[in-house]
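Beneath this line is the structure, given in structure tokens, with notes to follow.
We use all heavy atoms of the structure for the numbers below, so side chains are in, but hydrogens, waters and symmetry mates are not.
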Amino acid sequence: LFALCPSIACGGGNARFVAVLLVSIPALLVCCIFAQFAGLKVADFAASVFAMAAVWPFALLRATGEQLVVLLHILRNLGKILICPKMSSRISLKSYIVDFCGMLLREGVTSPRLTSEQVAEKCLGRGNFSALKGRVAIVTGSSGSLGLEHARILLKYGCHVVFAVRSLGKAKALIEDMKAREKMSGSSTVMPVGLDDLSSIRPFVDSFLKLGLPLNYLVNNAGVMTPKQFRASKQGFETQFATNHLAHFLLTELLMPKLRETRRSGAVARIVILSSAGSALCKNVDMDRCVPPAPEAYNGTAEYGISKAMNLFHCRELQRRCATDGISCCAVHPGVIHTGLTREGNADSTLLYDSILFKWMHKDVPQGAATQVYCTLSDQVPSEIEHGTCFWYNCGPQKAAGVAAPGVRDDLCGKLWEISEGLVEKFR
């Protein structure tokens, strides 16, 4: 029975290494105690221990096979950082271990585990479902995961939410499903936009402006994460660069007059940009060589880190340019969350979701959306920006890390802006 304990603890291929240790080592101790009090002969006891020793390695391998693969991949990744030019030119051991993993560790340890509902109640008051009446939000990527949860909260509290999505039918079905499950005091408009196609941004903005609505919240939520192979946008740009940064840059620029108009009327105006702890992966960004990324130099992890660093650079430059307008700009790291982003991700991204090393810090979608809801609704945000904050996670202001952090390469904020303006000029 004790010899089989590791196998029982494993429960199949998804068992964890810790479970094996927690069961097997005490089981062996119990064997020893049982042998002592039962007066077993040495030969009988030796046979029992031998049976235990024979079964335990097989159970251990079965339970930890997945984890060993993940750990080997981490070691392989560290080796690639040292010897592979595609990674070593952009990621260092320090940026990977100290900045990136360090940020994930701090986020996991200090997480308050608040949900988006709890944050909204704290900011707007419990049951105050008319708090956002008259306000308007645009949320990109709002047909799933974090964007959908963010849009749901805004709708629930009376905001008019524009769902900026690829699939109109999917978004409309999701809205009807939300309305069937709970009362939504806000209204919605579903509008098409393809963030991998810059030519779709201007038509989207023109359609929105025709509605004659103000714009209080622009939530640049949609994103792509670590495709295994280089994939080009409609204009030939690497898809993470195109979707995570460039399309949102153009969208923000075209909507800036409306945001300023809304703010001049005395209403709140905010821009929330979904960045990531991945922004800390980069040790440096050579704007002249890496923007836009070239197919022959493609590495999914490095390009993802650079695109998320660009989100932070973009936010910081917006803060500088919008300082006199009273428009608040925030870059957000939501946390380690299972979302649609991982459906095509490489092993670097999937290890965050499957590895026992990171399992304890996982958040569900309502917890993951909590920080972007905080940045959208909290009265504390303008004061936090005045005190120098540009990066938020765990529903509060945090210190950024990596190349995009304040004081590291501040010159790249303006440099990225200039390059991005040149790339989107003909799509304005």
| said: Go through it in stages, so that I can follow the logic: the residues are Gln367 and Glu149, the test is side chain to side chain contact (heavy atoms under 4.5 Å, CB included), and I'd like the CA-CA distance, side-chain angles, deciding distance and then a yes or no. | reply: CA-CA 10 Å; Gln367 291 171 338; Glu149 175 66 9; over 6 Å; no
| field | Val332, Val219, Val139, Ile337 screened by side chain to side chain contact (heavy atoms under 4.5 Å, CB included) with Leu146, the one that passes | value | Ile337
| query | Is a side-chain donor-acceptor pair under 3.5 Å present for Thr252 with Asn220? | reply | yes
| query | Can you find a side-chain donor-acceptor pair between Arg409 and Asn284 that sits under 3.5 Å? | reply | yes
| Would the number of heavy atoms belonging to other residues, nucleotides or ligands and lying under 6.0 Å from CD of Gln229 be above 12? | no
| What do you reckon, is NZ of Lys399 surrounded by more than 12 foreign heavy atoms closer than 6.0 Å? | no
| request: Check step by step if side chain to side chain contact (heavy atoms under 4.5 Å, CB included) holds for Ser143 and Leu174. | output: CA-CA 7 Å; Ser143 61; Leu174 288 167; 4.1 Å; yes
| query | Looking at Arg166, Arg231, Lys234, which one forms a salt bridge (charged side-chain N to carboxylate O under 4.0 Å, His left out) with Asp196? | reply | Lys234
| query | Hey, what's the ring geometry for Phe249 with His245, parallel, tilted or perpendicular (30° and 60° as the breaks)? | reply | tilted
| field | Test item: Val381 and Glu384 side chains (from C-beta on) under 4.5 Å apart, heavy atoms | value | yes
| task | Would you check if Asn244 and Tyr304 make a side-chain contact, meaning some heavy-atom pair closer than 4.5 Å? | result | yes
| request: Report yes or no: is the cationic atom of Arg321 (NZ for Lys, CZ for Arg) closer than 6.0 Å to the six-membered ring centre of Trp417, at no more than 45° off its axis? | output: yes
| query | So Arg202 and Asp206, salt bridge (Lys or Arg N to Asp or Glu O under 4.0 Å) or not? Walk me through it. | reply | CA-CA 6 Å; Arg202 167 53 77 179; Asp206 288 343; 2.9 Å; yes
| task | Apply the test side chain to side chain contact (heavy atoms under 4.5 Å, CB included) to residues Tyr298 and Lys86: give CA-CA distance (whole Å), side-chain angles for both, the deciding distance (0.1 Å), then the verdict. | result | CA-CA 7 Å; Tyr298 180 76; Lys86 292 181 181 180; 5.9 Å; no
